[in-house]
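In what follows, a single structure is set out as structure tokens and then discussed.
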Number of protein chains: 2
Amino acid sequence: MTVKTRNYIYQHGTLGGLMQDLLEGTEKIGTLVNYGDFGLGTLEGANGEVIILDGVIYHVDQTGKVTQLTGDELTPYAAVTNFETEKQFVLENVSDAVVKTEISAEISHNLFSAVKISGTFNHMHVRVVPKQQKPYPRFVEIARNQPEFSADNITGTIVGFFTPGLFQGAAAAGFHLHFISDDRNFGGHVLDFSLEEGLVELMELAEFRQNFPIKSADYLANEIKLEDISKDIEEAE
Amino acid sequence: MTVKTRNYIYQHGTLGGLMQDLLEGTEKIGTLVNYGDFGLGTLEGANGEVIILDGVIYHVDQTGKVTQLTGDELTPYAAVTNFETEKQFVLENVSDAVVKTEISAEISHNLFSAVKISGTFNHMHVRVVPKQQKPYPRFVEIARNQPEFSADNITGTIVGFFTPGLFQGAAAAGFHLHFISDDRNFGGHVLDFSLEEGLVELMELAEFRQNFPIKSADYLANEIKLEDISKDIEEAE
């Protein structure tokens, strides 16, 4: 596909920061929408899963409840893009592994890509990170005890990104996908799924804009160690 | 120091790409100056060392000759910022190790910083990467056989960046420094130095803008493997 020069992913905070207990909210989630109408993230304290779709910000809390955010809520980590379909194809009766293989064949592994999958899912299995209080534990410990939810025969949209292996740590290398149902009653961080019939839409991105939480004393003072967090990311994401 | 929200480092290509033989020129070096007046890089084929200072683009070739570029020359990798001094201090009679320790104490290790050191150097030791032809060898092999140059009692400016460890691969974690003499007759990639008296100027950066060579078929097709290149970066940089 042809990559448009002006397309970018904009990210506030880093996944590496989350992995290293830097869970303070450092930007309004609504500010992210200035840079993109499509994306994902979490809120302060690793509070739940955020899905941004068509410029609307949804939040799934640890009980599985979905609400719409005002935009004033603080986030330690979120990523967005202005989604425009550049390549699309339909898949039927496939596992998540097949979906990822099909997408992987269509995108450069040296670029970020936005990934949107809308349709009917035979099965959707998500997790929702539970909100933490200070002093924050290691994210990998939180992820070991996180609520999981499943739904069958559900229509909705997967919203996410592919990250090149070179950027492991800034984000999660490979696929990072969230889900929101069409009725806006079910969602979370995608663990696995089975797709009955769905439209896969892809957009490769020309630029990665990494915005840092420059006003957070915790962030500025506590160096993120790539070697320490790489295993945590593999386990937690 | 106070980090200004609008300050960013803009980078075209990745150091990881260089390490993985992706030496094709994919952007005009002059385009980088649209994003910053201060920076460093190389030209197509790992041809020499580029220094951008006060918006002027200098090139050192493998014979040590310094010329001013027009801006039309192609680069596989360069990084720039609009330099504004946010913190400064004077150092006298110190080794490069002491300079780096002093700077490290003043900046967040979770942010990119621009580093400028101008003054008189008792000793300056640089390398210049020699231009390669296709098929390109591994960069680490090139770096093992690169011309080195030394000068004593030379006045000039070190131009470079500090990169957080989390971004190893996208750039070189830690310090990446180039040098250009005041008389514009000597320069290169800094290996080591001794500073007689110099002004250290620092600027922490709020954003990292990574631009990808989206029109390079080689770049799009050849996945950069972080695990393969990390050791190469440590050896070559």
Side-chain angles (χ1 to χ4, degrees), chain A residues 1-17 19-20 22 27 31 35 104 107-113 163-171 173-174 204-230 233, chain B residues 1-17 19-20 22 27 31 35 104 107-113 163-171 173-174 204-230 233:
Chain A
M1 75 190 100
T2 306
V3 188
K4 291 181 186 165
T5 307
R6 65 190 164 77
N7 286 341
Y8 61 81
I9 175 172
Y10 179 91
Q11 177 169 292
H12 174 77
T14 62
L15 188 66
M19 292 296 147
Q20 204 154 300
L22 296 167
E27 183 62 275
T31 300
Y35 297 94
S104 292
I107 59 177
S108 170
H109 293 202
N110 282 338
L111 297 178
F112 286 80
S113 281
T163 294
L166 190 61
F167 292 87
Q168 171 76 321
E204 291 180 316
L205 299 159
E207 197 170 309
F208 171 53
R209 293 180 62 174
Q210 171 67 61
N211 179 263
F212 296 103
I214 57 174
K215 290 172 184 164
S216 164
D218 275 357
Y219 181 83
L220 297 180
N222 294 290
E223 185 176 358
I224 300 164
K225 305 281 191 185
L226 182 57
E227 58 277 21
D228 293 350
I229 62 167
S230 283
I233 292 176
Chain B
M1 74 191 102
T2 305
V3 187
K4 291 182 186 165
T5 307
R6 65 189 165 76
N7 286 343
Y8 60 81
I9 175 172
Y10 179 91
Q11 176 168 293
H12 174 77
T14 61
L15 187 67
M19 292 294 146
Q20 203 154 302
L22 297 166
E27 182 63 275
T31 300
Y35 298 93
S104 293
I107 60 176
S108 169
H109 293 202
N110 281 338
L111 297 177
F112 286 79
S113 280
T163 294
L166 190 61
F167 291 86
Q168 171 76 320
E204 291 180 316
L205 299 159
E207 197 170 309
F208 170 54
R209 294 181 62 174
Q210 171 66 61
N211 179 262
F212 297 103
I214 56 175
K215 290 173 184 165
S216 165
D218 276 357
Y219 181 84
L220 297 180
N222 294 291
E223 185 176 357
I224 300 163
K225 305 281 192 185
L226 182 58
E227 58 276 23
D228 293 350
I229 62 167
S230 284
I233 292 176

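Just the heavy atoms: all of them, side chains too, but no hydrogens, waters or symmetry mates, feed the values below.
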For this session: Determine yes or no for a side-chain-to-main-chain donor-acceptor pair under 3.5 angstrom, with A:Asn110 supplying the side chain and B:Ala221 the backbone.
Result: no
With chain B, the option among A:His109, A:Glu223, A:Gln11 that has the most non-hydrogen atom pairs under 4.5 Å is A:Glu223
message = Does any backbone or side-chain atom of B:Tyr219 lie under 4.5 Å from a heavy atom of chain A? Answer side chain, backbone, both or neither.
response =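 Its backbone and side chain both get close to chain A.
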* Asked: About how many Å separate CG of A:Leu166 and CD of B:Gln210, when rounded to the nearest 0.5 Å?
  ->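 If I round to the nearest 0.5 Å, the distance is 7.5 Å.
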Measure distances from A:Ile9 to the heavy atoms of chain B and classify the residue's part below 4.5 Å as side chain, backbone, both or neither.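 Neither; nothing under 4.5 Å.
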Sorted by chain and number, sequence neighbours left out, side-chain hydrogen bond (donor to acceptor under 3.5 Å, both in side chains) with A:Ser230 holds for none
### Query
Are any non-hydrogen side-chain atoms of A:Ile214 and B:Leu111 less than 4.5 angstrom apart?
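Counting from C-beta outward, A:Ile214 and B:Leu111 do come under 4.5 Å.
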So which of B:Phe212, B:Tyr10, B:Phe112, B:Phe167 has the largest heavy-atom pair count under 4.5 angstrom toward chain A?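 Counting heavy-atom pairs under 4.5 Å, the top option is B:Phe212.
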